[in-house]
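Numbered from 1 within each chain, the chains take letters A, B, ... in sequence-line order.
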Amino acid sequence: CTSVVAEDSKGSLFHARNLDFGLFMGWDVKNKTWIVTEKLRPLVVNVDFRRNNQTVFKSTNFAGYVGMLTGIRPHVFTLTMNERFSLDGGYIGILEWILGQRDGMWMSFLTRSVLENATSYEEAKKLLSQTKLLAPAYFILGGNQTGQGCVITRSRTLSLDIWELDHSLGRWYVLETNYDHWKEPLFVDDRRTPAMKCMNQTTQANISPKTLYDVLSTKPVLNKLTTYTTLMDVSTGLLEAYLRDCPDPCSPW
Amino acid sequence: SAHLAPPFTEECRTGMYPPKGPTFKGAVTWYTVDLNLPPSKRWAAVISDKKAELVAMIQVIRDLANAFVPSGKLIDIVDKDLPLLVDTLPYPFNEEIRGIAAVSGVPLGEVVLFNIFYEVFTV
């Protein structure tokens with residue numbers, strides 16, 4: 001996955017993501033595609049969650065999956081989640097759950113609860129950084145005011161790091177793939193460097209949902225695991241999603 | 001073909017929006033989920049439309065599981081034991097999952113597995 005929150009020169013905040021899933025879950029030799037990824041694409045839906053006939057939040061989802069990986073609470077905040085791999089992974093959390101230790105939260109249920117119930121960027125940030133989880137994760141959160149954008153790096157129990165937009169450091173965007181931002185990515189899976197190169201080339205003055213789509217369309221940010229691209233603009237409440245394909249030559253991940 | 005080795009990297013794209021061409025596979029359909037409805041009813045419209053696609057995806061997971069454990073015991077465990085897990089999941093997610101299984105006809109344990117995929121695959 002690749003998620004990015006960016007602020008333009010006028011202080012508008014945009015949030016976009018590629019959702020990549022299906023690595024090592026069956027390779028179709030004939031078509032050179034991942035089998036599960038191909039089957040997930042037709043399940044992608046946009047959902048408008050309404051209460052009392054009013055939109056509470058919107059999301060890009062897989063039909064049949066009740067948790068959230070990508071969503072917007074219009075005019076309040078935007079949220080995406082990227083997978084964080086760890087030996088202290090979710091299978092330990094599941095075992096603890098089965099054995100009766102149920103003080104942690106399932107990752108996608110937490111993101112859904114935050115989208116449904118949090119009424120501010122700060123409240124969302126607090127819930128995402130402090131709630132005990134069953135599995136490690138990266139939460140990418142964007143707000144509705146200048147400087148409100150961060151990547152929360154989570155272990156199952158702790159918030160390891162909160163990396164925020166910072167004008168004083170010239171940090172006008174935060175970009176997360178599937179590696180801790182303070183460490184080098186795996187050299188055969190470096191989507192971060194090309195994505196950051198394209199963000200820097202775009203410049204803050206020209207960043208918009210359209211140019212974010214360009215960044216997320218550049219291989220290997222776009223790869224054979226990419227199922228969809230979502231673009232969000234918190235101020236207008238826009239959420240757009242597009243199914244993606246990555247014809248050869250294209251990185252398998 | 002060394003330059004094609006992962007990660008194949010190209011120059012930054014421009015002018016890709018509005019989406020078109022070979023990297024664009026289609027628009028995404030909108031649905032409404034009414035949070036005033038009982039949880040078991042909320043996803044009925046989505047699942048009615050996407051039932052065939054959901055069944056096809058679950059079948060792929062069954063095939064993968066059976067490839068790893070050819071005796072079929074892994075899927076037996078999913079079908080027999082994972083439904084017990086749904087009782088322990090927090091409300092309203094447990095009821096929504098039950099509703100999805102009922103509308104789709106997919107065994108409850110397999111819908112549960114789909115919904116806890118993230119926790120299973122973070123290693």
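A side chain to side chain donor-acceptor pair (under 3.5 Å) with R191(A) is found for one member of N18(A), T177(A), N178(A), N223(A) and no other, namely N178(A).
Only the side chain of N61(A) comes within less than 4.5 Å of a heavy atom of chain B; its backbone N, CA, C and O stay farther away. At a 4.5 Å heavy-atom cutoff, L37(B) makes no contact with chain A through either its backbone or its side chain. Using a 4.5 Å cut-off between heavy atoms, L216(A) makes no contact with chain B at all. With a 4.5 Å cut-off on non-hydrogen atoms, L186(A) does not touch chain B at all.
Salt bridge status for K224(A) with D248(A): present, with a side-chain N to carboxylate O gap under 4.0 Å. One finds no salt bridge joining R42(B) and E95(B) here, because no Lys/Arg side-chain nitrogen approaches an Asp/Glu carboxylate oxygen to under 4.0 Å.
Of the listed residues (P19(B), A101(B), P22(B)), the one with the most heavy-atom contacts under 4.5 Å to chain A is P19(B). For the set T226(A), I92(A), D214(A), L222(A), the entry with the most heavy-atom pairs within less than 4.5 Å of chain B is D214(A).
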Would you please test W106(A) and F117(B) for ring pair (Phe, Tyr, Trp, His ring centres under 6.0 Å) and show each step? CA-CA 11 Å; W106(A) 299 81; F117(B) 240 40; over 10 Å; no
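Between the side chains of S155(A) and R84(A), no donor N or O sits under 3.5 Å from an acceptor N or O. Remark: the T60(A) side chain and the Y228(A) side chain contain no N/O donor-acceptor pair separated by less than 3.5 Å. There is a side-chain donor-acceptor pair under 3.5 Å between R17(A) and T70(A). Using modelled atom types and a 3.5 Å distance limit, the side chains of T227(A) and R41(A) yield no donor-acceptor pair.
For D233(A) against I72(A), the heavy-atom pair with the smallest separation is O-CD1, 3.7 Å.
Taking non-hydrogen atoms and a 4.5 Å limit, the residue list of residues 205-213 of chain A in contact with chain B, ordered by number, reads K210(A), Y213(A).
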